[in-house]
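Reviewing the structure listed below.
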Amino acid sequence: MNQPRQRATRPRAQPPAGELALEGIAASPGIAIGHAHLHVPGEIQVAERQLRAVEVAPEVERFRAAVARALQQVARLRAKGSRLPAAAAEEIGFLLDAHVQMLSGSRLVRGVEARIADGLVNAEAAVQQETSAIARSFAAMDDAYLAARAQDVRDVGERLLRCLTRARLRAFSDLPEGTVVLAADVTPADTALMDPGRVAAFACEAGGMEGHTAIVARSLGLPAVLGVAGLVDAASPGDRVVVDGSAGRVVLRPTAATLAGYERRRMEFRRGERQLRRIARLPAVTRDGVAIGLQANLESPRDAEAARLHGADGVGLLRSEFMFMNRDDVPGEDEQYEALARVVRALEGRPATIRTLDVGGEKLASALGPRFAPGPNPALSLRAIRLGLREPGLLETQLSAILRAGAHGPVRILLPMISHLHEVQEVRAILGRVQRRLLRRGVAMADPAPPLGAMIEVPAAALAADGLARACDFFAIGTNDLTMYALAIDRADEQVAHLYNPLHPAVLRLIQFTTEAALRNRIPVSLCGEIAGDPRYTALLLGLGIRDLSMAPLKIPRVKGRVRAIDLAAAAEAARAIMAQHDPVRIASMLDAFNAPA
Ligand code: PEP
Ligand code: MG
């Protein structure tokens with residue numbers, strides 16, 4: 001018979017004595033020192049029993065009563081979850097919605113009933129067999145998202161078994177303050193039950209960075225290390241333990257010297273957090289009172305929480321490539337919509353600028369298959385919007401997903417690597433078609449239509465910015481590629497890396513020209529290349545007229561600190577002087593002189 005789950009109780013080896021450091025995945029940052037609570041889920045002993053025909057109907061009834069009880073439990077958990085911080089509440093909400101769906105006449109419920117009726121097995125055995133079969137088929141799909149769904153199925157199966165056998169639910173509420181929970185596995189629902197006032201941190205053998213458990217831990221601010229091989233066998237209840245969620249390390253039974261080191265690092269971490277929190281709440285306003293927008297660049301939906309934490313005004317660039325990388329197929333509209341809607345909802349009304357697929361060149365997604373093999377010069381080949389217009393099906397699916405995500409909050413659509421006016425016009429026509437189709441289908445979508453903008457990252461686009469500004473609703477300047485294409489330097493080639501310099505007057509003039517064209521045509525312009533997150537450039541970019549900068553979330557506090565120290569009138573004056581220079585070395589030294597504290 002199948003085991004209910006792999007993490008069931010197993011015989012424990014004698015734990016070793018003395019300090020032991022174990023490595024795992026740094027799933028949620030922070031350092032905690034406490035005493036170990038070994039969380040061993042009670043194994044549910046289930047025997048398989050053959051039913052007689054007359055027993056089938058009562059057994060199905062018994063199973064349905066267990067389903068009803070499980071639904072009640074989930075409703076209670078939901079009410080409890082709604083009192084958590086917003087991001088955690090939302091995450092738990094999604095998870096429990098999935099559990100409710102599985103308990104409501106789904107394949108799982110129908111499958112269990114069929115096994116009882118046709119296979120003549122008791123309800124417990126039928127639940128075990130059916131959940132294992134579904135979970136196995138998900139896990140076999142070799143997709144991180146679906147693998148996580150397999151865990152959901154197992155969780156629901158375990159809940160049903162508990163309801164059938166009336167086994168007690170595990171709780172963390174009676175743990176002493178400062179407990180560190182160590183386990184073979186911690187489910188997201190377990191995590192939601194952890195009271196940060198009692199549980200200082202947790203670590204477990206299972207889990208990955210993408211899982212709900214890690215996400216909930218991060219949003220609760222609970223340090224966590226996942227994927228720690230051998231953890232349970234190495235620990236004893238009550239052991240002193242350090243969980244370093246920033247480095248992904250668990251130290252069991254630390255020596256006095258190790259402990260002292262971690263005490264110091266814990267203080268430093270807390271001090272850093274306090275400083276970050278203080279600056280995240282302060283406005284990004286220059287000394288002479290001009291508000292600057294600081295947005296986040298997101299590589300994946302996971303970063304949305306960091307964006308919020310670091311006080312981002314929204315997302316200036318969501319690189320949608322994450323949905324296409326490391327897989328052998330192309331995500332469908334629903335999958336893209338789900339991922340994007342999650343980000344939009346997490347931003348709680350702040351705008352999300354979603355860039356359409358930017359692959360090709362150095363960013364090849366295997367999902368698109370061999371028909372998009374790179375040309376002789378990939379950086380100048382079928383990249384980004386060129387690919388989208390060559391494969392309108394791909395682009396339409398993405399635009400449709402973005403429009404639908406826009407039903408949950410403000411979105412903007414950003415087109416990568418625009419070099420011709422007609423590219424924007426073609427996308428606008430496609431966007432209109434996609435909108436009409438959604439309207440006919442009665443699907444909820446962004447209303448009014450989201451702004452459509454262009455990345456200005458090709459010198460031709462910068463020099464033709466006046467014309468493009470009339471066709472676009474906004475610009476986002478991509479200095480990473482703009483520098484590469486202006487200077488003919490491959491941004492990923494270390495042999496010419498010393499020549500890659502955004503302070504080259506050619507690059508600065510392209511930024512200036514684009515900014516002025518946007519301002520003349522009264523459309524918003526932001527800058528989302530790497531220099532946006534480097535405080536060294538802040539004064540120059542503000543001096544050139546940029547008022548919105550988008551960067552990796554972690555960089556926001558430092559740039560905000562710099563913004564608050566800048567006098568905009570003086571920065572504009574410095575920018576004027578710099579723009580009169582021809583030598584990048586001289587430009588750099590003028591900038592450094594301006595940045596130096598008085
Ligand atoms: C850029 O080119 O500056 C940019 C932000 O886009 P990416 O780095 O994704 O090419
Ligand atoms: Mg780019």
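Residues: numbered from 1 along the sequence shown. Only this structure's heavy atoms are used, side chains among them; waters, hydrogens and symmetry mates stay out. Read the numbers this way: they start at 1 and go in the same order the structure lists the ligands and their atoms.
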Measure the shortest side-chain to side-chain distance between Asp358 and Phe324 over non-hydrogen atoms and say whether it is less than 4.5 angstrom.
no
Do the side chains of Leu318 and Leu340 get nearer than 4.5 Å, heavy atoms only?
yes
Residues Arg308, Glu305: salt bridge by 4.0 Å N-O rule:
yes
Under 4.0 Å from a heavy atom of [X]: give me the atoms of ligand 1 that qualify, with their elements.
X: Cys528; value: 5 (C)
X: Met455; value: 4 (C), 5 (C), 6 (O)
X: Arg319; value: 4 (C), 5 (C), 6 (O), 7 (P), 8 (O), 9 (O)
X: Gly529; value: 3 (O)
X: Glu457; value: 1 (C), 2 (O), 6 (O)
X: Leu317; value: 5 (C)

The atom of Asp481 among N, O or S that is nearest the Mg ion (ligand 2) is OD2
Closest N/O/S atom of Glu457 to the Mg ion (ligand 2), by atom name?
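Nearest N/O/S atom: OE1.
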State which residue, out of Gln398, Arg342, Arg404, His408, fulfils the side-chain hydrogen bond (donor to acceptor under 3.5 Å, both in side chains) condition with Tyr337.
His408
Tell me whether Asp288 contacts the main-chain N or O of Leu568 through its side chain, where contact means a donor paired with an acceptor under 3.5 Å.
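Yes, the answer is positive, given that a donor and an acceptor are paired below the 3.5 Å cut-off.
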Using modelled atom types and a 3.5 Å cut-off, is there a donor and acceptor pairing between side-chain atoms of Ser419 and backbone atoms of Ala461?
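Side chain of Ser419 to backbone of Ala461: no pair is present.
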Would you say CZ of Arg428 has more than 12 non-hydrogen atoms from neighbouring residues, nucleotides or ligands within 6.0 angstrom?
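It does: Arg428 CZ has more than 12 such atoms within range.
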Around atom CZ of Arg522, are there more than 12 heavy atoms from other residues, nucleotides or ligands closer than 6.0 Å?
no
Location of contacts on Arg355 toward ligand 1, heavy atoms closer than 4.0 Å:
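Near ligand 1, Arg355 shows its side chain, while the N, CA, C and O stay back.
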Any N/O/S of Asp358 under 2.8 Å from the Mg ion (ligand 2)?
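Here the distance criterion (N, O or S atom, under 2.8 Å) is not met by Asp358, so no.
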Glu321-ligand 1 polar pair, N/O distance under 3.5 Å:
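In this structure, Glu321 places no N or O atom under 3.5 Å from an N or O of ligand 1.
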